[in-house]
Amino acid sequence: MKRIIIADIKTQEIGGKVYGHYVPVAKNYLEIFKEEAHIKVAAGPIFSKYFDNNEILKLPYNNSSDRFIEKVKTFINAIALFWKGIGKTIILQQSTTVTSFVAIALFYWWTGKLFLIQYNTAGVSSKLKRVIYSLAKYKINGFIVPNERVGKAYDRPYCIVTDYIKTKTCNQVIPYKERKWDFGIIGTIFRDKGVIEAIEFLATKNCKVIVAGNIAEPELVEPFENLKRKFPNIEFKIGYIDDTTFQALIRKCRYCVLNYRGTYFDRSSGVVLDIIFNHTPVIGTNCTALKMVKEDGLGIVYTDISELNIEEILSEINYNKYISAIDEYCIKQKIFKNNLINFVGV
């Protein structure tokens with residue numbers, strides 16, 4: 001059988017935890033390829049918290065910042081990965097795009113196959129970055145991307161899939177009347193997620209709302225303290241939430257709100273899939289990250305959150321329409337799985 005490594009050479013650790021979608025994507029790829037190949041996860045020591053010993057290829061370091069010494073650690077992890085990956089297929093998660101390209105240019109010598117998971121065009125967004133990428137370009141067999149625009153930007157073979165691919169049947173869907181909150185804003189909190197603006201809008205409506213997640217940008221801590229005092233009708237769970245709690249909260253909301261802006265107009269977002277795969281409709285900004293919500297009718301997209309008609313949204317008939325669309329979308333995931341397996345060449 002083919003041997004595959006799904007890798008994260010940066011392995012960013014914050015307070016003893018790994019944030020973002022690097023662990024869920026690695027678990028997802030283990031599930032996708034487990035019957036097709038021998039697959040391992042290569043990452044720093046912190047990943048041992050999330051995987052069994054027989055699933056891990058340990059790289060030397062975790063990283064905790066973007067300082068120069070941390071980039072050196074990333075290069076050492078890359079060297080270790082490329083050594084462990086001799087004769088194997090490496091699927092590299094792009095947690096540090098430019099650093100990855102430099103590492104590939106310097107240390108990878110066509111010893112197997114190399115595919116990169118790339119979510120946006122940031123790696124070629126300037127002349128300097130394009131020069132760096134050109135040094136690594138022809139060592140890369142292909143890119144795994146969320147859309148055609150990102151694939152074309154790197155001018156190599158590419159495969160379009162969702163950020164991760166549904167492989168398991170969803171738990172029983174919680175009926176509309178048994179869901180605890182009307183709206184949820186769930187996940188790590190960044191300014192570009194437009195959470196503050198969404199809270200201010202929903203707080204004035206006669207509905208039940210929960211906000212749950214870790215604040216990732218220090219400058220948002222004080223504004224959130226002010227929001228908690230100003231809107232006691234909003235339920236806040238601020239802080240790290242584990243994956244089990246994360247999914248449980250999503251499933252107890254009738255809708256989840258993603259009031260995206262800024263960088264989300266040029267990238268995909270795994271949180272959208274977290275919500276959809278837990279059979280909850282999405283309400284959010286009409287942007288690249290929510291493209292499938294608009295195209296497949298998985299919820300509502302808007303130009304500005306003030307456009308929303310809350311009474312109409314909370315119609316059980318409309319809600320059930322979105323749930324049916326989510327059922328159909330989950331069936332389509334089999335196509336993405338097969339395309340990915342064929343692209344990697346298993």
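Scope of the values below: all heavy atoms of this structure, side chains included, with no hydrogens, waters or symmetry mates.
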Measure the CZ-SG distance between F143 and C159 for me, rounded to the nearest 0.5 Å. 13.5 Å
Is there a path from I199 to V257 through hydrophobic residues (I, L, V, M, F, W, Y) whose side chains come within less than 4.5 Å of each other? yes
With rounding to the nearest 0.5 angstrom, report the OG1 to CD1 distance, T74 to I79. 11.0 Å
Does the side chain of N259 reach to within under 4.5 Å of the side chain of K193, using non-hydrogen atoms? no
Same cluster (ILVMFWY, side-chain, under 4.5 Å), I4 and L92: no
Look only at the side chain of N77 and the backbone of L59, and say whether a donor-acceptor pair between them is shorter than 3.5 Å. no
Enclosure of K58 NZ (heavy-atom neighbours >12, cutoff 6.0 Å): no
Verify the neighbour count for atom OH of Y61: are there more than 12 heavy atoms of other residues, nucleotides or ligands below 6.0 Å? no
Residue set satisfying salt bridge (Lys or Arg N to Asp or Glu O under 4.0 Å) with K180, at least two apart, ordered chain then number -> none
Exam field: side chain E70 to backbone S64, donor-acceptor pair closer than 3.5 Å: yes
Qualifying residues under side-chain contact (heavy atoms from CB on, under 4.5 Å), relative to S126, sequence neighbours excluded: L128, K129
Is the CD1 atom of I86 crowded by more than 12 outside heavy atoms at less than 6.0 Å? yes
Between N53 and S48, do the side chains contain a donor N or O and an acceptor N or O under 3.5 Å apart? no
Output yes when a side-chain donor or acceptor of E13 lies under 3.5 Å from a complementary backbone atom of V18, and no otherwise. no
If I take atom OG1 from residue T288 and atom NZ from residue K294, how far apart are they, to the nearest 0.5 angstrom? 10.5 Å
Shared hydrophobic cluster, I186 / V271 (ILVMFWY, side-chain heavy atoms < 4.5 Å): yes
Lys NZ or Arg CZ of K139 over W110 ring: under 6.0 Å, within 45°: yes
Should the pair K17 and Y240 be classed as cation-pi, given the thresholds of under 6.0 Å to the six-membered ring centre and 45° from the axis? yes
Under the side-chain contact (heavy atoms from CB on, under 4.5 Å) rule, what do V161 and I144 come out as? Steps first, then yes or no, please. CA-CA 7 Å; V161 300; I144 298 165; 3.5 Å; yes
Is there a side-chain contact between M292 and V272 (heavy atoms, below 4.5 Å)? yes
Parallel under 30°, tilted from 30 to 60°, perpendicular over 60°: which one fits the rings of Y154 and Y133? perpendicular
Heavy atoms of other groups near R149 CZ, more than 12 under 6.0 Å: yes
Can you name the residues that form a salt bridge (Lys or Arg N to Asp or Glu O under 4.0 Å) with K321, not counting sequence neighbours? none
More than 12 heavy atoms of other groups within 6.0 Å of E222 CD: no
Evaluate the criterion side-chain contact (heavy atoms from CB on, under 4.5 Å) for residue pair N309 and I313; output intermediate values, then yes/no. CA-CA 6 Å; N309 183 326; I313 291 169; 5.5 Å; no
Exactly one candidate in E36, E31, H38 meets side-chain hydrogen bond (donor to acceptor under 3.5 Å, both in side chains) with K34; the answer is E31
Evaluation steps, side-chain contact (heavy atoms from CB on, under 4.5 Å), between W181 and V209: CA-CA 6 Å; W181 299 283; V209 181; over 6 Å; no
In terms of hydrophobic clusters joined by side-chain contacts under 4.5 Å, are F75 and L57 together? yes
State yes or no: are the ring centers of F231 and F236 separated by less than 6.0 Å? no
Got a second to check how far L290's CG is from I276's CD1, nearest 0.5 Å? 7.5 Å
E55 side chain vs D52 backbone, donor-acceptor pair below 3.5 Å: yes
Is it true that a side-chain atom of T285 and a backbone atom of Y260 form a donor plus acceptor pair closer than 3.5 Å? yes
Please answer whether the main-chain N or O of K10 pairs with a side-chain N or O of N63 as donor and acceptor at a distance below 3.5 Å. yes
Heavy-atom side-chain proximity of I341 to F33 below 4.5 angstrom: yes
D304 meets the salt bridge (Lys or Arg N to Asp or Glu O under 4.0 Å) criterion, sequence neighbours left out, with none
Take T280 and R179 through the test side-chain hydrogen bond (donor to acceptor under 3.5 Å, both in side chains) and record every step on the way to the result. CA-CA 10 Å; T280 297; R179 301 218 178 191; 2.7 Å; yes
Is the shortest heavy-atom distance from the side chain of Y255 to the side chain of V282 under 4.5 Å? no
Counting N and O atoms only, with roles assigned by atom type, does the side chain of T11 sit under 3.5 Å from a partner on the main chain of G44, one being a donor and the other an acceptor? yes
Can you find a pair of side-chain heavy atoms, one from F183 and one from C253, that are under 4.5 Å apart? no
May I ask you to decide whether K205 forms a salt bridge with D182, counting only side-chain N to carboxylate O separations under 4.0 Å? no
Suppose we screen for side-chain contact (heavy atoms from CB on, under 4.5 Å). Which residues come up paired with I215, at least two apart in sequence or across chains? I189, L220, V221, F224, I238
Do the side chain of R191 and the main chain of E217 share a donor and acceptor less than 3.5 angstrom apart? no
Within a 6.0 Å radius of atom CG on N206, are there more than 12 heavy atoms belonging to other residues, nucleotides or ligands? no
Tell me, please, whether Y176 has R254 positioned over its six-membered ring: NZ or CZ under 6.0 Å from the ring centre and within 45 degrees of its axis? yes
Would you say Y119 and Q94 are linked by a side-chain donor-acceptor pair, where the criterion is simply a distance under 3.5 Å? no
Any donor-acceptor pair under 3.5 Å from S315 side chain to E311 backbone: no
Distance check, rounded to the nearest 0.5 Å: I250 atom CD1 versus I174 atom CD1? 11.0 Å
Could you tell me how the ring of F51 sits relative to the ring of F47: parallel (under 30°), tilted (30 to 60°) or perpendicular (over 60°)? parallel
In sequence, state the C-alpha distance, the side-chain angles, and the governing distance for Y302 and L308, and then conclude on side-chain contact (heavy atoms from CB on, under 4.5 Å). CA-CA 8 Å; Y302 54 75; L308 294 178; 3.7 Å; yes
Within the 4.5 Å heavy-atom criterion, are F101 and L116 side-chain neighbours or not? yes
For the atom pair CG (N214) and CZ (F190), what is the distance rounded to the nearest 0.5 Å? 8.5 Å
Could you tell me if D243 and Q247 have a donor-acceptor pair between their side chains, going purely by distance under 3.5 Å? yes
Minimal non-hydrogen separation, F336 against T162, with atom names: CE1-CG2, 3.9 Å
Judged by atom type as modelled, is there a donor-acceptor pair below 3.5 Å linking the side chain of D296 to the main-chain atoms of L298? no
With no hydrogens and no angle check, just 3.5 Å: does a side-chain donor-acceptor pair link D242 and T245? yes
Membership question, hydrophobic clusters at under 4.5 Å side-chain separation (ILVMFWY): are F277 and L340 in the same one? yes
Contacts of E316 that satisfy salt bridge (Lys or Arg N to Asp or Glu O under 4.0 Å) - sequence neighbours left out: none
Side chains of S95 and D8 only: does a donor on one sit below 3.5 Å from an acceptor on the other? yes
